[in-house]
Amino acid sequence: MKIIQKKSLGQNFLRDKSILQKIISAGELTPQDNILEIGPGEGVLTKRLLSGGAKVVAIEKDKRLQAKNSPLLKLKQKYPDKLNLYFADVLTINLPEILQKENFTDYKIIANIPYYITGKIIRLIFQQKNLPSLVVLLLQKEVAERICASRGKESILSLSVKYFAQPEIVAHVPRQAFFPEPKVDSAILKLKPKEKIDRSQEKNFFRLLKVAFSSPRKTLRNNLKNVFNLPEKRWEEIFSELQLNERVRAEKLSLDDWFKLLKLLDNQFSSLHN
Ligand code: SAM
């Protein structure tokens, strides 16, 4: 059975075997692994994960792939105990329930994801109480580069990822590696979740970023002043403690700077409404 790819589902199937191997190596795959795959499509990556001995839970939105003669169902027949398929939207399915049901206390996420929901998938991954031990994603090159941005070019996206994990681009992937060829090049992004993540600060950290990046053309101080009601003198002290120029823009701050700022503004968050 051949699937006619749906653009609306971001269906660009990987056809370059050397890229599959790079994804498997980045995932440090072992036969003991539990892998969550988002968007298995026709199962090229799923097959490699299974032949490496891993247990795979795959979530696929396209119900056409549920047909008995689909390549995915054939994989299920070949690996009945190792592969579990869920035909659903990863964004609306109850992921914590699935992870629990599958006994995935320790798991990795390895996937060639649909690009149109990259941001939402990344948010979903790090929203989990039980975080994966490793994440390897094939995604649009520019997005991978934005996530790995060096100091001075940070964004809400890069900082949101760096709050939880260390990002690294493992390889660049040309558009010719897919069928049909997408309009953009891709990259393999490896995200290694940090050992210690202070989840008690999470909510305020994201509220702070939202305020700080609200008008990217404005200085950080002006964006903050719009929301946090502090006397001028206190702003001077805060910027001096952070050793930051008062005209600095939000993109220039490192993750450490944000943590320091979070601490200095700690008692201000109760006055915020969202
Ligand atoms: N893994 C396959 C490969 O490497 O060839 C397919 C990757 S393709 C880029 C993305 C896959 O995600 C497609 O199979 C698509 O149907 C599926 N998909 C799209 N939106 C989805 C969603 N919201 N939830 C789950 N799967 C989705």
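Counting convention: from 1, in listed order, for ligands and their atoms alike. Scope of the values below: all heavy atoms of this structure, side chains included, with no hydrogens, waters or symmetry mates. Remember, predicted model here, so these are calculated numbers, not experimental data.
Remark: minimum distance from atom 24 (N) of ligand 1 to any protein heavy atom is reached at V90 N, 3.0 Å. Counting only heavy atoms of the protein, atom 20 (N) of ligand 1 lies nearest to Y116 OH, 2.8 Å. The closest protein non-hydrogen atom to atom 19 (C) of ligand 1 is L9 O, 3.1 Å. Remark: minimum distance from atom 4 (O) of ligand 1 to any protein heavy atom is reached at N112 ND2, 2.7 Å. Summary of contacts: the protein heavy atom closest to atom 5 (O) of ligand 1 is L14 N, 2.9 Å. The nearest heavy-atom contact from the protein to atom 18 (N) of ligand 1 is P114 CG, 3.7 Å.
Remark: distances from the non-hydrogen atoms of I59 to ligand 1 include one below 4.0 Å. Using a 4.0 angstrom heavy-atom cutoff, T92 does not count as in contact with ligand 1.
Taking every heavy atom of E37 and a limit of under 4.0 angstrom, the matching atoms of ligand 1 come to 1 (N). Residue contact check: A88 has heavy atoms under 4.0 Å from atoms 24 (N), 25 (C) of ligand 1. Near D89, meaning under 4.0 Å from one of its heavy atoms, ligand 1 places the atoms 22 (C), 23 (N), 24 (N). Heavy-atom contacts of Q11 reach the following atoms of ligand 1: 13 (C), 14 (O), 15 (C), 16 (O) (cutoff under 4.0 Å). The distance from ligand 1 to the heavy atoms of F13 drops below 4.0 Å at these ligand atoms: 5 (O), 6 (C), 14 (O). Atoms of ligand 1 found under 4.0 Å from any heavy atom of V44 (numbered from 1 in listed order, with element): 3 (C), 4 (O), 5 (O).
No donor-acceptor pair under 3.5 Å is formed between the side chain of R123 and the backbone N or O of S160. No donor-acceptor pair under 3.5 Å is formed between the side chain of K218 and the backbone N or O of F213. Checked by atom type and distance alone, the side chain of D33 pairs as donor or acceptor with a backbone atom of T30 at under 3.5 Å. Using a distance-only test at 3.5 Å, with no hydrogens or angles considered, a donor-acceptor pair links the side chain of K76 to the main chain of L83. Checked by atom type and distance alone, the side chain of N12 never pairs as donor or acceptor with a backbone atom of F179 at under 3.5 Å. In this structure a side-chain-to-backbone donor-acceptor pair under 3.5 Å is missing from K22 to A171. Of the possible polar contacts, one joining the S51 side chain to the K47 backbone as a donor-acceptor pair under 3.5 Å is found. One N or O on the side chain of D257 and one on the backbone of S254 form a donor-acceptor pair closer than 3.5 Å.
Note on ring orientation: taking the six-membered ring where Trp is involved, the planes of F259 and Y163 are tilted (angle from 30° to 60°).
For a threshold of 3.5 Å applied to N or O pairs, the pair formed by P40 and ligand 1 contains at least one separation below that value. For I113, no nitrogen or oxygen atom sits less than 3.5 Å from a nitrogen or oxygen atom of ligand 1, counting backbone and side chain alike.
Residues passing the salt bridge (Lys or Arg N to Asp or Glu O under 4.0 Å) test with K82: none are found, sequence neighbours excluded.
The closest heavy-atom contact to atom 12 (O) of ligand 1, among the options G39, G41, G10, comes from G39. The option from K61, E60, R15 that lies nearest to atom 21 (C) of ligand 1, judged by heavy atoms, is K61.
Among all heavy-atom pairs drawn from L75 and G43, the shortest one is CD1-O, 3.6 Å.
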